[in-house]
Visitor: 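Shown below is the structure under consideration.
When reading the values below, keep in mind they use all heavy atoms of this one structure, side chains included, and skip hydrogens, waters and symmetry mates. To find a chain, count down the sequence lines: A is the first, B the second, and so on, and within it residues start at 1.
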Amino acid sequence: MEEKLNERHKDFLRLIVEEDIRTNKYGGKVITRFPPEPNGFPHIGHAKSICLNFGIAKDYNGVCHLRMDDTNPTTEDMKYVEALKDSIKWLGFDWNDKLFFASDYFGKLYDYAVRLIKMDKAYVCSLSEEEIRKYRGTVTQAGKESPYKNRSVEENLDLFARMKAGKFQNGEHVLRAKIDMASPNMKMRDPLLYRIKHAHHYRTGNEWCIYPMYDFAHCLSDYIEGITHSICTLEFENNRELYDWILDELELELPRPYQFEFARLSLNYTVMSKRRLLELVEQKYVSGWDDPRLPTLAGIKRRGYTPESIINFCESIGIAKSNSTVDFAQLEFCIRDDLNQKVPRVLCVMKPLKIVIENYPENKVEMLDAPYYPHDVPKEGTRKLPFSREIYIEQSDFMENPSKGYFRLALGQEVRLRHAYIIKCEQVIKDETTGEIVELRCTYDESTKSGLRAEAAGVALPTRNAVTGEQPSSGADNSGKKVKGTIHWVSAQHAKKVEVRIYDRLYLVENPDGPEDLNPDSLQVLTDCYIEPSVAEEKIDDRYQFERQGYFYRDPINSVGDKLVFNRIVPLKDSWGKAMAKQQNPS
RNA sequence: UGGGGCGUCGCCAAGUGGUAAGGCACCGGUUUUUGGUACCGGCAUCCGUAGGUUCGAAUCCUCCCGCCCCAGCCA
């Protein structure tokens, strides 16, 4: 663990934490926090922050709090705190008993506000919202002081108490910090600390009608919890001066927390903002917060991504301060890399083309032994794969006029059926009216049965090499025949019909603006797919590699009874497809 | 135009005065009964630009250019 940390590159935040430990700034303690506002579903950008905050705590023997930053009653909801908790747990992090709510501090926060008033560092301002905006000035022009800035401490105390007591309407008064209306930092121009909102809060109900603003609540919540390192995203850099001002002016007992900022995650071909995500869900562009095309953690989970792959992704992208947009390919690499080592391989035909093997006996069925894992994955397990006279192959695995370099089936050509025999295409049968290829007549070569040579040598078929841990490929036969291509197939009478959902990127462009940039083909539902029976009968995993196609996840919600629905998590890399695409559209 | 940040390979990202790590992507090749995986090799004479300091600079100084954030009673 320690060693792993040392060999890994340390980001600038970890360097700061190490320095603070070294100088004993907090008595060696490290307490971070993940502080979401429960007003939307967490997405992969939150995952970056979760991995950072919980990760630092884990690396330095500290703890990480989960704190709901729930200071705005009009947008927050318990369903979002549940979604947040679910996602953090799914990622594998644990806040133990450190679940907090800023709303639990409302009483303390109020007391701090009173203290600030008594120190003559805050005042009740009775300007209208419109006036406050005007008085604030602009980025290039200084603001001007509120006429209410010189109210007496007593009057401020009285007004603030009456604000709390509900004596005023929304917007009549606000509490402001007494700082500097000419500050070059807009955040320091007498920022609002409290506003009146006669609104029902999802946790405190109607107990309060004044609510603290983010800048006031956040730093003090950190302080109350004993946070040492308050890590947030870049857009809060301007708020740091105010964070420091509040904690310093209150003359709190030290040590106190300090804020550090890092760049939030952006991913191309998707959107991350709450507003955009909400729009997609509410306008029904997607099926819900857990739509597998969404970058929400609920969607990513539903798609079939593993938590490990997301954590690896978050570690692979690094932590820095420059705004950056990570390529989607990076995420896809992480999930392939994870699943490649974990998941059983099975055969599934998605766009079936029927083949009749003319020289294979009509009623014969062979149960082939097929290893679940390839020779280079050190896991054990096999299943029985039924083979018979009528099978389905993928439509794309046959070409009437094969292009150069095509290794699959063509008239008069041979191809290997994975785990089975080499077949040769003898005849193409087309629909008389449409000309569409409806069936292929083939012959098989009995001597090409996969594994024959091993059997002949008396070796039990899927035995792992004791030294390398590798399984033998099911390749060897004793025909001496060599074919370039191997394709997947399924026995027509044994296959199970399943639904497969093919997901593609949600947007057509790298930096999408709105619904006009959506990819109309982001979801393709295939209802006529055939999968080998072991998947329905054995269910050895929730995720599979459908050989030569990709990684798939049994949809936990729509797979009901004996109906199976699979979501494509990510396709396999496809160098042939890429070459073909390049040939057609060289650029 | 004020203030706060950031600019190193197509995308991330190390580097903090001693002569450009790594990952992804991409391009070759080997292995392969997944056109997958694995493996081997290639991929920034250059660090936004222009000057300067220095024996020596991506790293220090100066100018300029570009991008992001701040004018919610959102967080």
Side-chain angles (χ1 to χ4, degrees), chain A residues 9-11 35-37 39 69-72 74-75 125 127-129 132-134 136-143 170-171 173-176 182-189 192-197 211 213-215 217-218 232-241 261 263 268 274 315-334 336-337 340-341 345 347 374-377 405-408 415-420 422 448 450-451 473-477 482-488 545-550 571-580:
Chain A
H9 158 71
K10 286 176 205 140
D11 55 76
E37 182 189 16
N39 69 346
D69 227 339
D70 53 357
T71 56
N72 183 356
T74 58
T75 58
C125 178
L127 249 23
S128 70
E129 193 172 342
I132 286 179
R133 193 177 318 124
K134 281 188 181 145
R136 187 145 41 211
T138 69
V139 289
T140 51
Q141 289 173 293
N170 289 355
H173 308 282
V174 292
L175 183 72
R176 292 231 240 173
S183 171
N185 181 353
M186 296 294 288
K187 296 287 182 199
M188 296 299 276
R189 320 249 258 228
L192 276 60
L193 267 21
Y194 264 90
R195 76 285 213 188
I196 299 170
K197 269 186 194 256
Y211 292 91
M213 298 289 289
Y214 164 82
D215 288 301
H218 198 88
C232 63
T233 45
L234 255 27
E235 64 271 29
F236 291 101
E237 278 173 327
N238 296 322
N239 301 244
R240 187 178 56 234
E241 193 178 351
E261 311 87 16
N268 56 11
K274 275 173 185 168
E315 282 172 2
S316 78
I317 58 178
I319 301 294
K321 292 192 73 164
S322 63
N323 286 304
S324 57
T325 302
V326 175
D327 196 319
F328 212 85
Q330 186 93 22
L331 218 205
E332 296 196 318
F333 167 80
C334 290
R336 286 193 191 106
D337 190 49
N340 176 47
Q341 290 298 314
R345 272 68 167 172
L347 306 183
H375 60 93
D376 50 2
V377 171
Y406 187 74
F407 298 159
R408 285 105 98 154
V415 78
R416 165 135 246 142
L417 296 177
R418 172 119 247 228
H419 303 304
I422 290 176
T448 60
S450 288
S473 70
S474 54
D477 67 25
K482 288 255 190 305
V483 287
K484 278 291 191 79
T486 297
I487 64 174
H488 59 280
Q545 183 194 108
F546 291 176
E547 290 210 36
R548 304 208 303 133
Q549 307 192 89
L572 249 31
K573 279 174 65 175
D574 178 16
S575 55
W576 169 250
K578 192 166 30 178
M580 287 296 92

Visitor: Would you name the heavy atoms of A:Leu192 and A:Arg176 that are closest together and state the gap between them?
Guide: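 It is CD1-CD, 3.6 Å.
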Visitor: Write down the distance separating the C1' atoms in B:C43 and B:C11, rounded off to the nearest Å.
Guide: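 Those two atoms are separated by 14 Å.
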Visitor: How far does the C1' atom of B:A21 sit from the matching atom of B:U31, given to the nearest Å?
Guide: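 That atom pair is separated by 29 Å.
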Visitor: Applying side chain to side chain contact (heavy atoms under 4.5 Å, CB included), can you list everything that pairs with A:Asn39, at least two apart in sequence or on another chain?
Guide: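 For A:Asn39, the residues satisfying side chain to side chain contact (heavy atoms under 4.5 Å, CB included) (neighbours in sequence not counted) are A:Glu37, A:Thr75, A:Glu76, A:Lys274.
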Visitor: Report yes or no: does A:Arg189 contribute a side-chain atom to a donor-acceptor pair with the main-chain N or O of A:Ser183 at less than 3.5 Å?
Guide: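 At least one qualifying donor-acceptor pair exists.
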Visitor: For A:Ser575, what residues pass the side chain to side chain donor-acceptor pair (under 3.5 Å) criterion, not counting sequence neighbours?
Guide: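 Listed in chain order: nothing, the list is empty.
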Visitor: Provide the Watson-Crick or G-U wobble partner of B:C39, both distances under 3.5 Å; none if there is no partner.
Guide: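 WC or wobble partner is B:G29.
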Visitor: Is the base of B:G72 syn or anti, if syn means a glycosidic angle within 90° of 0?
Guide: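 Judged by the O4'-C1' to base torsion, B:G72 sits in syn, the angle falling within 90° of 0.
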Visitor: Strictly by Watson-Crick or wobble contacts shorter than 3.5 Å, is anything paired with B:U45, and which nucleotide is it?
Guide: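 Pair assignment: B:U45 / none.
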Visitor: Can you tell me how far P of B:C39 sits from CG of A:Asn340, to the nearest Å?
Guide: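 The distance from CG of A:Asn340 to P of B:C39 comes to 11 Å, rounded to the nearest Å.
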Visitor: Rounded to the nearest angstrom, tell me the gap between atom CZ in A:Phe328 and atom P in B:C26.
Guide: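 Taking CZ of A:Phe328 and P of B:C26, I get 15 Å after rounding.
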Visitor: What does A:Gly550 touch in the nucleic acid at a heavy-atom separation under 4.0 angstrom: a base, only the sugar-phosphate, or nothing?
Guide: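 Nothing, no heavy atom under 4.0 Å.
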Visitor: In whole angstrom, give me the gap between the P atoms of B:U49 and B:C9.
Guide: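 It comes out at 10 Å once rounded to the nearest Å.
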Visitor: Using the C1' atom as the point on both nucleotides, what is the distance between B:C47 and B:A58, in whole Å?
Guide: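 Each nucleotide's C1' atom is 4 Å from the other's.
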Visitor: B:U34, B:C27, B:C24: which one has an atom nearest the side-chain heavy atoms of A:Lys578?
Guide: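 Closest nucleotide among those given: B:C27.
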Visitor: Expressed in whole Å, how much space separates the P atoms belonging to B:C61 and B:G66?
Guide: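 Their P atoms lie roughly 22 Å apart.
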Visitor: Please give the distance between the C1' atoms of B:G10 and B:G29 as a whole number of Å.
Guide: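 Their C1' atoms lie roughly 23 Å apart.
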Visitor: Among the nucleotides B:G35, B:A25, B:G4, which one has an atom lying closest to any side-chain atom of A:Ser575?
Guide: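 Closest of the options to the side chain of A:Ser575: B:G35.
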Visitor: Report the distance from atom CD of A:Glu241 to atom C1' of B:C69, rounded to the nearest whole Å.
Guide: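 So the CD-C1' distance, A:Glu241 to B:C69, works out to 15 Å.
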Visitor: Could you tell me which nucleotide pairs with B:C67 by Watson-Crick or G-U wobble geometry, both distances under 3.5 Å, or answer none if nothing does?
Guide: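 Its partner is B:G5.
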Visitor: If B:A50 has a Watson-Crick or G-U wobble mate with both distances under 3.5 Å, name it; if not, just say none.
Guide: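 By the stated definition (distances under 3.5 Å), B:U62 pairs with B:A50.
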Visitor: Using 30° and 60° as the class limits, which term best fits the ring planes of A:Trp576 and A:Tyr406: parallel, tilted or perpendicular?
Guide: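 Geometry flag for A:Tyr406 against A:Trp576: tilted rings.
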Visitor: Is the backbone of A:Gly318 close enough, under 3.5 Å, to the side chain of A:Asp11 for a donor and an acceptor to pair up by distance?
Guide: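 No: the side chain of A:Asp11 does not pair with the backbone of A:Gly318.
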Visitor: Could you give the distance separating B:U30 and B:A20 at their C1' atoms, to the nearest angstrom?
Guide: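 It comes out at 30 Å once rounded to the nearest Å.
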Visitor: Return a single string for nucleotides 12-22 of chain B, one symbol per nucleotide in 5' to 3' order, where B is base contact, S is sugar-phosphate-only contact and - is none, cutoff 4.0 angstrom on heavy atoms.
Guide: SSS--------
Visitor: Whole-Å distance between B:C6 P and A:Glu237 CD?
Guide: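 Taking CD of A:Glu237 and P of B:C6, I get 7 Å after rounding.
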Visitor: Could you pull out all residues at least two apart from A:Phe236 that satisfy ring-ring contact (aromatic ring centres under 6.0 Å, His included)?
Guide: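 Partners of A:Phe236 by the ring-ring contact (aromatic ring centres under 6.0 Å, His included) criterion, ordered by chain and then number, come out as A:Tyr214.
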Visitor: Could you tell me whether the side-chain ring of A:Phe333 sits stacked on the base of B:G23, using a centroid cut-off under 5.5 Å and a plane angle under 30°?
Guide: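 Here A:Phe333 fails the 5.5 Å or the 30° condition.
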Visitor: Considering only residues two or more places apart or on different chains, which pairs with a residue in residues 323-332 of chain A satisfy side-chain hydrogen bond (donor to acceptor under 3.5 Å, both in side chains)?
Guide: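 Passing the test, one end in residues 323-332 of chain A: A:Ser316-A:Gln330.
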Visitor: Side chains of A:Arg136 and A:Met186: closer than 4.5 Å at any heavy-atom pair?
Guide: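 They are in contact (side-chain heavy atoms under 4.5 Å apart), so the answer is yes.
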Visitor: With the side chain of A:Arg408 defined as its heavy atoms from C-beta on, choose the nearest nucleotide among B:G35, B:U32, B:A38.
Guide: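 It is B:G35.
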Visitor: Answer yes or no: side-chain N or O of A:Gln545 and base N or O of B:U34 forming a donor-acceptor pair under 3.5 Å.
Guide: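 Flag set: donor-acceptor pair detected.
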Visitor: Nearest-Å distance, CG (A:Asn268) to P (B:G10)?
Guide: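 About 15 Å, once rounded to whole Å.
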Visitor: Expressed in whole Å, how much space separates the P atoms belonging to B:G22 and B:C63?
Guide: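 Each nucleotide's P atom is 36 Å from the other's.
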Visitor: Which residues satisfy the side chain to side chain contact (heavy atoms under 4.5 Å, CB included) test with A:Arg548, sequence neighbours excluded?
Guide: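 Residues passing side chain to side chain contact (heavy atoms under 4.5 Å, CB included) with A:Arg548: A:Asp397, A:Arg408, A:Ile487, A:His488.
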Visitor: Whole-Å distance between B:U37 C1' and A:Arg418 CZ?
Guide: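 Those two atoms, CZ and C1', are 12 Å apart.
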Visitor: Just how far, in rounded Å, is P of B:C69 from CG of A:Leu234?
Guide: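 From A:Leu234 CG to B:C69 P: 10 Å.
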Visitor: Just by protein heavy atoms under 4.0 Å, how would nucleotides 70-75 of chain B read 5' to 3' in B, S and -?
Guide: BBSBSB
Visitor: So, using side chain to side chain donor-acceptor pair (under 3.5 Å) as the criterion, who are the partners of A:Arg345 when residues are at least two apart?
Guide: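 Listed in chain order: A:Asn340.
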Visitor: What is the distance from NE2 of A:His488 to P of B:G36, rounded to the nearest Å?
Guide: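 Interatomic distance, NE2 of A:His488 to P of B:G36: 15 Å.
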Visitor: Can you name the residues that form a side chain to side chain contact (heavy atoms under 4.5 Å, CB included) with A:Ala182, not counting sequence neighbours?
Guide: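 A:Ala182: side chain to side chain contact (heavy atoms under 4.5 Å, CB included) contacts with A:Ala142, A:Asp180.
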Visitor: For a quick check of understanding: with a heavy-atom distance under 4.0 Å over all strands, which category does A:Tyr406 fall into, base, sugar-phosphate or nothing?
Guide: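 Base contact.
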Visitor: Would you please name every residue forming a side chain to side chain donor-acceptor pair (under 3.5 Å) with A:Lys321, sequence neighbours left out?
Guide: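 Checked A:Lys321 against side chain to side chain donor-acceptor pair (under 3.5 Å); matches are A:Glu237.
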Visitor: Report the residues that fulfil side chain to side chain donor-acceptor pair (under 3.5 Å) with A:Ser322, sequence neighbours left out, ordered by chain and then residue number.
Guide: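 If we apply the side chain to side chain donor-acceptor pair (under 3.5 Å) test to A:Ser322, skipping adjacent residues, there are no hits.
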Visitor: Please write out the pairs of protein N or O atoms and N or O atoms of nucleotides 28-30 of chain B separated by less than 3.5 Å, giving the distance to one decimal.
Guide:
none

